[in-house]
Amino acid sequence: MTRPSWAPEGIDLDRPSASRVYDYFVGGMHNFEIDRELALMIEKFTPNVAETMRANRDLLRRCVRFLIDEGIDQFLDLGSGIPTVGNVHEVAQARNPEARVVYVDIDPVAVAHSQAILDGNERAVVVHADVADPEAILADPAVAALLDFDRPIAVLLLGVLHFVPDDADPLGAVRTLLEVCAPGSYVAITHATLDGQPQEVLDAQKLSGRTSTEIVLRGKDEIAKYFHDWTLLEPGLVHLPLWRPDNPEDIGEHPEASGAYGGLARKD
Ligand SMILES: C[S@@+](CC[C@H](N)C(=O)[O-])C[C@H]1O[C@@H](n2cnc3c(N)ncnc32)[C@H](O)[C@@H]1O
């Protein structure tokens with residue numbers, strides 16, 4: 001296929017990419033036929049997947065708007081994916097043009113796409129790093145150049161920690177990142193869970209576990225630990241549509257079907 005202008009050179013156009021599949025699910029334009037085919041296969045096994053991803057992306061937008069209104073003007077977005085529909089720098093800079101954003105992702109495809117999309121934006125960059133290696137992230141020159149950890153900052157960990165297995169010590173990694181943040185900083189976390197899922201989703205998850213070790217679904221109590229001793233803001237750690245919905249009708253009849261929890265905490 002022909003390489004579209006936004007796709008960086010060197011990207012394999014014949015292999016699906018997880019970031020572009022996510023982009024497809026959230027209604028983005030940065031995906032190929034090969035990604036859409038994989039997305040449809042995933043949807044057959046886990047019919048809720050598109051709803052979960054959209055609910056996650058919607059929460060991201062609500063959260064960034066809230067943070068900007070609270071006066072936050074710098075964001076460290078870990079596991080950012082392809083910055084596409086309603087991405088952090090767009091939402092933030094629309095409300096405060098001075099807002100700065102550092103995106104971090106482990107996936108070279110997401111990083112390459114991000115670099116192409118962010119080209120020319122002086123206040124948003126992408127760094128190729130593993131969230132489980134916070135020292136490398138904090139030592140990265142792009143992070144130091146754009147973010148000032150002596151002032152309040154928002155650390156965004158949306159839809160990423162369930163990709164980090166326990167043996168990579170995600171809890172310790174998040175603690176290291178939170179420790180360097182100034183009082184008044186925020187951390188936002190969304191995380192997939194099996195809590196509240198119907199039996200067929202549990203069965204599908206067991207099947208996928210045989211072939212893939214990619215996603216670690218954690219329970220609410222376990223996810224709550226990632227906020228460490230920061231203060232959870234209302235409404236706490238809740239299923240995604242329940243987190244500060246723009247309209248009550250956005251919650252729907254089954255918020256637990258989102259299959260994930262989200263919350264926002266502040267460092268006092
Ligand atoms: C589901 S997407 C979430 C994108 C975005 N944060 C959002 O909520 O809309 C998850 C992203 O996390 C990235 N990721 C997975 N494991 C990671 C790790 N260990 N370190 C950094 N990024 C990671 C994936 O490459 C992918 O782009």
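As the structure lists them, so they are numbered: ligands from 1, and atoms in each ligand from 1. Note that the coordinates shown come from a computational prediction; the quantities given were computed from them, not determined experimentally. One is the number of the first residue; the rest follow in order along the sequence.
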Quiz item: Do any N or O atoms from the side chain of Y103 and from the backbone of H89 form a donor-acceptor pair under 3.5 angstrom?
Solution: yes
Quiz item: What is the nearest protein non-hydrogen atom to atom 22 (N) of ligand 1, stated with its residue, atom name and distance?
Solution: I106 N, 3.3 Å
Quiz item: So which bit of A168 gets within less than 4.0 Å of ligand 1, heavy atoms only: side chain, backbone, both or neither?
Solution: neither
Quiz item: Judged by non-hydrogen atoms, does S80 sit under 4.0 Å from ligand 1?
Solution: yes
Practice problem: May I ask you to say whether D166 pairs ionically with R218, meaning some side-chain N is under 4.0 Å from a carboxylate O? | Solution: yes
Quiz item: Can you tell me the protein heavy atom closest to atom 20 (N) of ligand 1 and the distance?
Solution: V131 N, 2.9 Å
Quiz item: At a non-hydrogen distance cut-off of under 4.0 Å, which region of N56 contacts ligand 1 (side chain, backbone, both, or neither)?
Solution: side chain
Quiz item: Do V104 and ligand 1 have an N or O pair less than 3.5 Å apart?
Solution: no
Quiz item: Looking only at protein heavy atoms, which one is nearest to atom 10 (C) of ligand 1, and how far off is it?
Solution: G159 O, 3.3 Å
Quiz item: Looking at E33 and R36, does any basic side-chain N land under 4.0 Å from a carboxylate oxygen?
Solution: yes
Exercise. Let me know which of L67, I68, D73 forms a side chain to side chain contact (heavy atoms under 4.5 Å, CB included) with R95.
Key: I68
Practice problem: Pick whichever of F25, F163, Y22 has a heavy atom sitting closest to atom 9 (O) of ligand 1. | Solution: Y22
Quiz item: Does E249 CD have over 12 foreign heavy atoms under 6.0 Å away?
Solution: yes
Exercise. May I ask you to check whether V164 has an N/O atom sitting below 3.5 Å from an N/O atom of ligand 1?
Key: no
Quiz item: Of the choices G79, G81, S17, C63, which has the non-hydrogen atom that lies closest to atom 3 (C) of ligand 1?
Solution: G79
Quiz item: Looking at V160, which atoms of ligand 1 are within less than 4.0 Å of one of its heavy atoms?
Solution: 12 (O), 14 (N), 17 (C), 22 (N), 23 (C)
Quiz item: Within the distance-only criterion (no hydrogens, no angle test), does the side chain of N31 pair as donor or acceptor with the backbone N or O of V21 below 3.5 angstrom?
Solution: no
Quiz item: At a 4.0 Å threshold, what atoms of ligand 1 neighbour a non-hydrogen atom of D107?
Solution: 25 (O)
Practice problem: Could you list which atoms of ligand 1 come closer than 4.0 Å to a heavy atom of A129? | Solution: 20 (N), 21 (C)
Self-check item: More than 12 heavy atoms of other groups within 6.0 Å of H228 NE2
Solution: yes
Practice problem: Find all atoms of ligand 1 within a distance of less than 4.0 Å from any non-hydrogen atom belonging to D130, and give their numbers and elements. | Solution: 18 (C), 19 (N), 20 (N)
Practice problem: Give a yes or no on this: more than 12 heavy atoms of other residues, nucleotides or ligands lie within 6.0 Å of atom CZ of R15. | Solution: no
Self-check item: Linked, directly or transitively: I42 and F163 (ILVMFWY side chains, under 4.5 Å)
Solution: no
Practice problem: Looking only at protein heavy atoms, identify the closest one to atom 24 (C) of ligand 1 and say how far it is in Å. | Solution: D105 OD1, 3.5 Å
